[in-house]
2 protein chains.
Amino acid sequence: MELSERKQKILATIVEQYIRTGEPIGSKSLMEILPMKVSSATIRNEMAELAAMGLLEQPHTSAGRVPSHAGYRYYIDHLMHTRELDDDSRRKIESAIGSGSDPEHVLTRAGEVLADLTGCAAVSTTPAGESTRIRRIEMVPVGSRTAMLVLLTSTGILKSRICRTDTPITVPLLERFYNVTRSQLVGKPLSDVHTTAMQTLAASLGADAFSMLPFLAGIAELARDASQTDIHLDGQSNLLGYRELEDNAYELMEFLRNGEPLSALISSSRGDVQVLIGKENKFRQLANSSVILARYDVGGDESGTLGVIGPTRLDYAKLIPSVRFLTDLVGRLLTRSIDDEE
Amino acid sequence: MELSERKQKILATIVEQYIRTGEPIGSKSLMEILPMKVSSATIRNEMAELAAMGLLEQPHTSAGRVPSHAGYRYYIDHLMHTRELDDDSRRKIESAIGSGSDPEHVLTRAGEVLADLTGCAAVSTTPAGESTRIRRIEMVPVGSRTAMLVLLTSTGILKSRICRTDTPITVPLLERFYNVTRSQLVGKPLSDVHTTAMQTLAASLGADAFSMLPFLAGIAELARDASQTDIHLDGQSNLLGYRELEDNAYELMEFLRNGEPLSALISSSRGDVQVLIGKENKFRQLANSSVILARYDVGGDESGTLGVIGPTRLDYAKLIPSVRFLTDLVGRLLTRSIDDEE
DNA sequence: GTTAGCACTCGGACGCTTTGAGTGCTAACT
DNA sequence: AGTTAGCACTCAAAGCGTCCGAGTGCTAAC
């Protein structure tokens with residue numbers, strides 16, 4: 001689709017103005033903003049053509065124009081000048097996230113910062129990937145027949161669980177447990193540690209199998225847990241402020257609350273920053289919303305996602321660099337804290 | 001305040017009807033519901049007196065009556081017949097919460113269940129108390145100069161943190177760390193493990209002090225973290241469905257999102273189940289809401305809180321027993337999983 | 001290709017009326 | 001004394017017509 005320079009300028013201005021105000025733009029007010037000096041009638045003609053191409057829409061006959069989804073798309077792909085974050089904001093973000101905490105904290109904070117920064121809802125997922133391994137397993141007795149199992153992954157994710165058995169937990173049993181787990185499980189990829197693998201492992205233990213099985217089963221569950229990405233959501237309340245989301249606010253909130261569709265949405269994220277405008281994502285509840293998704297990498301094949309969910313009239317020019325900056329930062333922090341120079 | 005039997009009956013019926021429908025009740029419709037056979041005029045007289053006593057309110061002259069805060073209070077204190085949970089719901093709750101997981105999971109689940117059960121927002125806090133002790137400390141190297149510190153409390157709360165030093169982490173250092181922590185810290189109350197205590201402890205180590213300090217400082221931070229109750233919130237979106245909360249929905253959500261006022265609210269919870277109607281809590285944002293709070297105990301002096309936040313027209317007769325049931329269940333589960341017969 | 005001019009459209013605001021649920025009061029009834 | 005029927009009154013909500021103005025599309029002139 002080729003647009004004359006003037007049409008481009010008009011489209012860009014409408015998009016930017018609408019993003020700022022949320023009000024449809026008429027030919028007259030547009031005339032005052034545009035740098036070129038043309039009459040409103042000329043602008044009307046151009047706008048009519050843009051509307052015919054499907055780039056603009058009219059809420060009703062006597063209202064101004066509003067960008068259509070295609071209009072946003074064209075703007076983002078061809079017209080947008082991204083505005084890099086100023087140093088001040090960068091520093092603010094960096095200090096808000098801090099540095100010395102574990103991945104889960106970093107991601108929670110990143111979500112908070114993103115929500116505040118954008119005035120939208122923000123999602124973050126814990127890193128996951130095929131090559132994630134078990135870094136450590138601990139078993140802490142908390143009663144004569146009860147123990148807390150703790151599993152730490154190579155991505156720095158910690159999972160825990162209480163486990164109960166019929167036979168008392170003795171020191172020899174603990175030793176046996178550590179022997180088995182250290183030699184057979186630690187260092188293995190999470191995906192290798194499923195329930196059936198645990199059963200064959202337990203079977204090979206002979207006499208101890210009976211007392212050991214609950215704990216090995218517990219480890220299997222932890223491994224499964226840890227290989228699933230956790231989704232953290234923040235700033236839902238920000239969405240209540242947008243008029244255009246008002247009518248299906250409840251649906252939207254319910255959608256976000258429910259982890260499954262959200263994770264389906266997120267798992268569609270590809271490299272770099274990705275923008276899904278309105279119906280470009282396939283969820284009815286998000287038909288009036290836009291989503292910005294970006295991956296962060298944690299070395300190896302492991303990666304997670306940060307995302308922003310808001311109305312279609314997002315300030316893409318600002319948000320895309322912001323999200324990119326945050327994913328880079330998070331990726332760097334997590335890579336550093338996990339891999340170091342090991 | 002003494003009320004005639006008939007007035008009591010009328011008040012109770014208005015409260016219950018209003019809780020069900022959310023619509024003001026007029027004398028005529030009330031006449032049809034009431035078991036006694038009196039004319040609407042008589043009811044009007046009684047209602048006028050109840051209104052004069054401050055137990056009923058009129059949204060406007062030509063509307064029916066609505067219970068005032070005092071009316072709810074009287075109803076709860078004198079008229080309400082609580083409806084115990086049926087076995088079916090009990091089983092549903094029990095299976096939803098499961099059993100074999102750690103405190104944080106249990107509480108998260110309890111929050112979810114409570115939100116679903118009540119159609120309101122639910123809060124849950126992790127247990128805390130003066131006597132909470134350190135049960136275990138682990139230090140897992142994740143790089144040549146980086147380690148993950150893990151702290152487990154006697155209440156089963158796990159906290160972790162990445163720590164970095166300037167000197168490489170060696171096997172002797174690790175041994176020293178475990179010696180010090182096992183002998184000096186494990187078993188101590190969390191409140192004893194503050195930063196200054198750590199500094200004096202480090203000082204006593206002589207040569208190792210320098211390399212050890214960052215880790216001891218990390219432990220101090222973890223102890224501080226662990227002694228603060230974490231608040232988990234669920235089901236905010238449920239609140240959007242209530243007309244009476246609509247106008248300050250945004251404020252309400254922001255209030256809930258912000259941990260501090262929420263924890264102030266929760267910390268006011270006393271023994272058994274406590275109901276705060278409308279302005280009985282001191283937060284402007286909750287003036288149109290009611291809060292039900294209940295403590296669960298985990299043996300010793302440790303306890304946490306479960307709560308429900310919704311409109312003033314909560315179904316108290318059902319919710320109070322529900323919340324009580326859940327706190328009992330959570331208390332039992334956490335006590336069992338933590339203390340066992342140790 | 002641009003512009004001035006003009007008739008036209010349509011949502012939103014305003015004001016008016018109607019409707020009906022609900023009230024308070026009075027006077028009669030038990 | 002308590003209860004009831006009856007009635008005038010109130011007031012929010014809904015419906016309706018009008019006006020206003022922002023904005024449009026079209027035409028004819030530049």
Side-chain angles (χ1 to χ4, degrees), chain A residues 2-11 13-18 20-68 71 243-244 246-247, chain B residues 2-11 13-18 20-68 71 243-244 246-247:
Chain A
E2 277 301 312
L3 291 187
S4 73
E5 196 158 330
R6 192 167 67 185
K7 279 203 181 60
Q8 292 192 358
K9 191 70 197 160
I10 288 177
L11 177 57
T13 309
I14 291 179
V15 171
E16 280 157 18
Q17 193 65 9
Y18 184 66
R20 270 208 12 242
T21 65
E23 301 287 331
I25 324 294
S27 54
K28 220 159 161 188
S29 52
L30 188 52
M31 179 178 63
E32 280 155 26
I33 306 171
L34 277 176
M36 54 193 117
K37 43 191 191 314
V38 284
S39 76
S40 63
T42 311
I43 296 176
R44 274 205 292 287
N45 289 332
E46 297 280 47
M47 283 165 86
E49 288 178 46
L50 285 169
M53 289 186 235
L55 297 173
L56 294 180
E57 279 172 355
Q58 263 179 303
H60 53 264
T61 331
S62 70
R65 299 305 215 289
V66 157
S68 69
R243 268 199 307 296
E244 56 264 62
E246 226 160 51
D247 13 341
Chain B
E2 277 301 311
L3 291 187
S4 73
E5 195 157 331
R6 192 168 66 185
K7 281 204 181 58
Q8 293 192 357
K9 191 70 196 158
I10 288 177
L11 177 57
T13 310
I14 290 178
V15 170
E16 280 157 17
Q17 193 66 9
Y18 184 67
R20 269 208 13 243
T21 64
E23 300 287 331
I25 325 294
S27 56
K28 220 159 161 189
S29 52
L30 187 53
M31 179 179 63
E32 281 155 25
I33 306 173
L34 276 176
M36 55 193 117
K37 44 192 190 314
V38 285
S39 76
S40 63
T42 312
I43 296 177
R44 272 204 293 287
N45 289 332
E46 297 281 46
M47 283 165 85
E49 288 178 45
L50 285 168
M53 290 186 234
L55 297 174
L56 294 179
E57 279 173 354
Q58 263 179 303
H60 53 264
T61 331
S62 71
R65 299 306 214 287
V66 158
S68 69
R243 269 198 305 297
E244 55 264 62
E246 225 159 52
D247 12 340

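Worth knowing before you read on, the calculation uses all heavy atoms, side chains too, and leaves out hydrogens, waters and symmetry mates. To find a chain, count down the sequence lines: A is the first, B the second, and so on, and within it residues start at 1.
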Task: Pairing pattern in dot-bracket form [Watson-Crick, G-U; both distances under 3.5 Å; | = partner strand] for DNA chain D - done: ||||||||||||||||||||||||||||||

N/O donor-acceptor pairs under 3.5 Å from side chains in residues 43-51 of chain A, not counting sequence neighbours:
{"residue": "Arg44(A)", "atom": "NH1", "partner": "Ser27(A)", "partner atom": "OG", "Å": "3.3"}
{"residue": "Arg44(A)", "atom": "NH1", "partner": "Ser40(A)", "partner atom": "OG", "Å": "3.4"}
{"residue": "Glu46(A)", "atom": "OE1", "partner": "Lys7(A)", "partner atom": "NZ", "Å": "3.0"}
{"residue": "Glu46(A)", "atom": "OE2", "partner": "Arg6(A)", "partner atom": "NE", "Å": "2.7"}
{"residue": "Glu46(A)", "atom": "OE2", "partner": "Arg6(A)", "partner atom": "NH2", "Å": "2.9"}
{"residue": "Glu49(A)", "atom": "OE1", "partner": "Lys7(A)", "partner atom": "NZ", "Å": "3.0"}

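The two residues Pro24(B) and Pro59(B) come nearest to each other via the heavy atoms CG-CG, 4.0 Å. Of all heavy-atom pairs between Gly71(B) and Val15(B), the closest is O-CG2, 4.5 Å. For Lys9(B) against Pro35(B), the heavy-atom pair with the smallest separation is CE-CG, 3.8 Å.
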- [ ] Going 5' to 3' through nucleotides 18-30 of chain D, assign each nucleotide B (protein heavy atom under 4.0 Å from a base atom), S (under 4.0 Å only from sugar-phosphate atoms) or - (no protein heavy atom that close).
- [x] ----BSBB-----

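For the pair Arg243(A) CZ and dG12(C) C1', the interatomic distance rounds to 14 Å; values are reported in whole Å. To the nearest angstrom, P of dT2(C) lies 10 Å from NZ of Lys7(A). Atoms CZ (Arg6(B)) and C1' (dT3(D)) sit 8 Å apart, rounded to a whole Å. For the pair His60(B) NE2 and dG20(C) P, the interatomic distance rounds to 16 Å; values are reported in whole Å. In this structure, the CD1 atom of Ile43(B) is 13 Å from the C1' atom of dG22(C), given to the nearest Å.
Applying the 4.0 Å criterion to OP1 and OP2 of dT3(D), one finds that Thr42(B) has every side-chain N and O outside that range.
Applying the side chain to side chain contact (heavy atoms under 4.5 Å, CB included) rule to Lys28(B) yields the partners Met31(B); only residues at least two apart in sequence or on another chain are considered. Glu23(A) pairs by the side chain to side chain contact (heavy atoms under 4.5 Å, CB included) definition with Thr21(A), Arg243(A), not counting sequence neighbours.
Put simply, the side chain of Ser68(A) gets close to the backbone of Gly54(A): a donor and an acceptor are under 3.5 Å apart.
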Sub-3.5 Å pairs of nitrogen or oxygen atoms, protein against nucleotides 27-29 of chain C:
none

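The CG atom of Leu11(B) lies 7.0 Å from the CG atom of Leu3(B); values are rounded to the nearest 0.5 Å.
Exactly one of Leu55(B), Leu56(B), Ile10(B), Ile25(B) qualifies for a side-chain contact (heavy atoms from CB on, under 4.5 Å) with Arg65(B). That residue is Leu56(B).
Inter-residue side-chain proximity for Leu30(B) and Gln17(B) is flagged as unmet; no heavy-atom pair is nearer than 4.5 Å.
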